[in-house]
**Student:** 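Can you keep this structure in mind? I'll have questions shortly.
Just so it is clear, the model here is predicted, and its values are computed rather than measured. Atoms considered below: every heavy atom in the structure, side chains included; atoms not considered: hydrogens, waters and symmetry mates.
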Amino acid sequence: QVQLVESGGGLVLAGGSLRLSCVASGRTFSNYVMGWFRQAPGKEREFVSGISRGSSTYYADSVKGRFTISRDNARNTVYLQMNNLKPEDTAVYYCAARSGAIVLSLEYNYWGQGTQVTVSS
């Protein structure tokens, strides 16, 4: 089992920045692919960004150039730096982990509880 705890969400003005963190416990963090997802009210959960065990990164088109994912295996933590935030980025953001190859779908084994990000105009 892997336990994931997100933090760093909040209320920010459009154009502002936030950094989300996700701390993992329970298994060897470096063995897992990590992903960030989000779910806005009335919408399906969607892929935002992912990072492989070797730190290759992947982004949804909607966040490319604005969001940066990174991982610190020594701290068992994955980060999502979000810059130039837009009102359409408002959602609950979830951290997820999976074994095996990275995928851009919801096929992750473990999920955090989510953290709310609200971007006001």
Side-chain angles (χ1 to χ4, degrees):
Q1 289 287 340
V2 176
Q3 292 79 43
L4 303 171
V5 179
E6 304 98 333
S7 62
L11 173 64
V12 64
L13 292 174
S17 298
L18 285 173
R19 187 175 82 155
L20 305 184
S21 300
C22 172
V23 179
S25 61
R27 291 288 178 92
T28 304
F29 177 74
S30 59
N31 289 344
Y32 289 86
V33 165
M34 301 299 297
W36 285 98
F37 297 77
R38 67 187 180 186
Q39 188 166 17
K43 295 189 177 181
E44 295 184 350
R45 192 171 298 189
E46 64 177 2
F47 172 84
V48 173
S49 182
I51 186 165
S52 71
R53 290 187 296 272
S55 293
S56 296
T57 58
Y58 304 82
Y59 299 94
D61 288 343
S62 59
V63 307
K64 277 181 184 175
R66 300 188 297 123
F67 291 10
T68 303
I69 191 171
S70 61
R71 66 189 299 161
D72 184 342
N73 290 338
R75 296 179 183 271
N76 292 349
T77 303
V78 61
Y79 303 98
L80 186 68
Q81 177 67 44
M82 306 186 295
N83 297 329
N84 191 21
L85 282 160
K86 304 176 180 180
E88 51 263 42
D89 294 318
T90 295
V92 177
Y93 283 71
Y94 297 90
C95 170
R98 78 185 305 272
S99 53
I102 192 167
V103 296
L104 309 189
S105 66
L106 300 179
E107 295 176 27
Y108 281 66
N109 306 98
Y110 305 101
W111 293 83
Q113 82 290 349
T115 185
Q116 177 71 47
V117 171
T118 303
V119 184
S120 67
S121 55

**Student:** Given side chains that start at C-beta, do those of R66 and D89 come closer than 4.5 Å, heavy atoms only?
**Tutor:** yes
**Student:** On a heavy-atom basis, which atom in A40 and which in A91 lie closest, and how many Å separate them?
**Tutor:**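 Closest pair (atom of A40, atom of A91, distance): N-CB, 3.8 Å.
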**Student:** Is Y58 reaching over with its side chain to a backbone N or O of S52, donor-acceptor style, under 3.5 angstrom?
**Tutor:**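 Here the side-chain-to-backbone pair does not exist.
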**Student:** Do M34 and F29 make a side-chain contact, defined as non-hydrogen atoms from C-beta onward lying under 4.5 Å apart?
**Tutor:** yes
**Student:** Looking only at heavy atoms, which two atoms of S121 and A14 are closest? And how far apart?
**Tutor:**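 What the structure gives for the nearest pair is CA-CB, 4.4 Å.
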**Student:** Measure up the F47 and F37 rings against each other and bin them: parallel (under 30°), tilted (30 to 60°), perpendicular (over 60°).
**Tutor:**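 F47 vs F37 ring planes: perpendicular.
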**Student:** Linking I/L/V/M/F/W/Y whenever their side-chain heavy atoms sit closer than 4.5 Å, directly or via other members, would W111 and Y93 fall into one cluster?
**Tutor:**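 No, because W111 and Y93 fall into different hydrophobic clusters, even though each may have its own neighbours under 4.5 Å.
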**Student:** When you measure from the side chain of R19 to the backbone N and O of Y79, does any donor-acceptor pair fall under 3.5 Å?
**Tutor:** no
**Student:** Hey, are the side chains of V103 and Y108 touching, using non-hydrogen atoms and a 4.5 Å cut-off?
**Tutor:**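 They are in side-chain contact.
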**Student:** For the residue pair Q1 and R27, establish whether any side-chain heavy-atom pair is separated by less than 4.5 Å.
**Tutor:** no
**Student:** Roughly how far, to the nearest 0.5 Å, is the CG atom of L20 from the CH2 atom of W36?
**Tutor:**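 It is 4.5 Å, given to the nearest 0.5 Å.
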**Student:** Are any of the side-chain heavy atoms of L85 and F67 separated by less than 4.5 Å?
**Tutor:** yes
**Student:** Do T90 side-chain atoms and V119 backbone N/O form a donor-acceptor pair below 3.5 Å?
**Tutor:** yes
**Student:** If you round to the nearest 0.5 Å, how far is OG1 of T115 from CG of L18?
**Tutor:** 8.5 Å
**Student:** Distance-only, no hydrogens or angles: does the R53 side chain make a donor-acceptor pair with backbone N or O of G100 under 3.5 Å?
**Tutor:** yes
**Student:** Checking R45 against Y94: charged group under 6.0 Å from the ring centre and within 45 degrees of the axis?
**Tutor:** yes
**Student:** Is there a path from Y59 to V33 through hydrophobic residues (I, L, V, M, F, W, Y) whose side chains come within less than 4.5 Å of each other?
**Tutor:**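 No, Y59 and V33 fall in different hydrophobic clusters.
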**Student:** Shortest non-hydrogen contact from M82 to V117?
**Tutor:**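 Heavy atoms of M82 and V117 come nearest at CE-CG2, 3.9 Å.
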**Student:** Minimum heavy-atom separation for G26 and Q3, please, with both atom names.
**Tutor:**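 For G26 versus Q3, the nearest heavy atoms are CA-OE1, 3.8 Å.
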**Student:** Would you say the side-chain atoms of E6 pair up with the backbone N or O of C95, donor to acceptor, closer than 3.5 Å?
**Tutor:**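 Yes, the answer is positive, given that a donor and an acceptor are paired below the 3.5 Å cut-off.
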**Student:** Between atom CG of L4 and atom OG of S25, what is the distance when rounded to the nearest 0.5 Å?
**Tutor:**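 Output value for this atom pair is 7.5 Å.
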**Student:** I want to check something: taking the side chain as every heavy atom from C-beta on, are R38 and S62 in contact at a cut-off of under 4.5 Å?
**Tutor:**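 R38 vs S62: side chains touch.
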**Student:** Can you tell me how far CD1 of I51 sits from OG of S70, rounded to the nearest 0.5 angstrom?
**Tutor:** 6.0 Å
**Student:** Just checking E88: does its CD atom have more than 12 heavy atoms from other residues, nucleotides or ligands closer to it than 6.0 angstrom?
**Tutor:**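 For E88, atom CD is crowded (more than 12 foreign heavy atoms under 6.0 Å).
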**Student:** Measure the CD1-CD distance between I69 and Q81 for me, rounded to the nearest 0.5 Å.
**Tutor:** 12.0 Å
**Student:** Rounded to the nearest 0.5 Å, how far does NZ of K64 lie from OG1 of T57?
**Tutor:**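 That separation rounds to 10.0 Å.
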